[in-house]
Amino acid sequence: MNSMDLTGFGVVLGLGFSIALIRLFGGRRRKPIASPDQIQLQRQVFEQLQTLLVNYPTVAKAALAKPEMSAKNIVPLFTTLGNLIAGWGYEPIGQPWESVVFDPQLHQADVADIQPGELVYVRFVGYRDGAVILVPAKVSRTLPQI
């Protein structure tokens, strides 16, 4: 896929998600929701968006690190998505490329021989809802070659 394809894809994807989220949640930042039905709805929406939520912080970091990549133009399109997750009270587990101590409760290693306490890098963020791990952060011994 060339840079023109990435830019067009990012615009379409970003606008589509923005419109869907505005329609679904009224376009305003929401406080964490407490009723069981609303929590269930949030979890269902999160599961539907999980792949995007896990990948978008890393894509954003890569795009900002390589300004010549036209894909960097898609980063602002995902602000609404980040605000939605923050409004729900979900917290990211790690930040892209952050060095952390491996904790199998919070992290998913890319190879089986990574041991608890070992220094690793966050490749893809995870998310938690208080003590509940929604998706673990994906970690590796090395950073990506960009």
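Worth saying up front: this structure is predicted, and the values here are computed from it rather than measured. We count residues from 1, following the sequence as given.
For the atom pair Lys138 NZ and Asp110 CG, the distance stands at 11.0 Å (nearest 0.5 Å). With values rounded to the nearest 0.5 angstrom, Gln42 atom CD is found 11.5 Å from Asp37 atom CG. Taking CG from Leu41 and CH2 from Trp88, the interatomic distance works out to 7.0 Å, rounded to the nearest 0.5 Å. Distance check: Gln105 CD to Ile93 CD1 gives 10.5 Å after rounding to the nearest 0.5 Å. Atom CD of Glu118 sits about 12.0 Å away from atom NE2 of His107, to the nearest 0.5 Å.
Note: the hydrophobic cluster containing Val54 also contains Leu84 (ILVMFWY, side chain heavy atoms under 4.5 Å, direct or indirect links). Both Tyr90 and Leu49 are part of a single hydrophobic cluster, where members link through side-chain heavy atoms under 4.5 Å apart.
Looking at heavy atoms from C-beta onward, Arg123 lies in side-chain contact with Pro144 at the 4.5 angstrom threshold.
Residue Trp97 comes nearest to Lys61 through the heavy atom pair CE3-CE, 3.6 Å, listed as atom of the first residue, atom of the second, then distance. Taking all atoms of both residues into account, the shortest heavy-atom contact from Gly117 to Val101 is CA-CG1, 3.3 Å. Counting all heavy atoms, side chain and backbone alike, Ile114 lies closest to Ala109 at CD1-CB, 3.7 Å.
Surrounding CZ of Phe102 are more than 12 heavy atoms belonging to other residues, nucleotides or ligands, all under 6.0 Å away.
The side chain to side chain contact (heavy atoms under 4.5 Å, CB included) search around Glu47 returns none, not counting sequence neighbours.
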Under 3.5 Å, sequence neighbours excluded: what are the donor-acceptor pairs made by side chains of residues 124-135?
from   : atom 1 : to     : atom 2 : distance (Å)
Tyr127 : OH     : Leu53  : O      : 3.2
Arg128 : NE     : Gly130 : O      : 2.9
Asp129 : OD2    : Arg43  : NH2    : 2.7

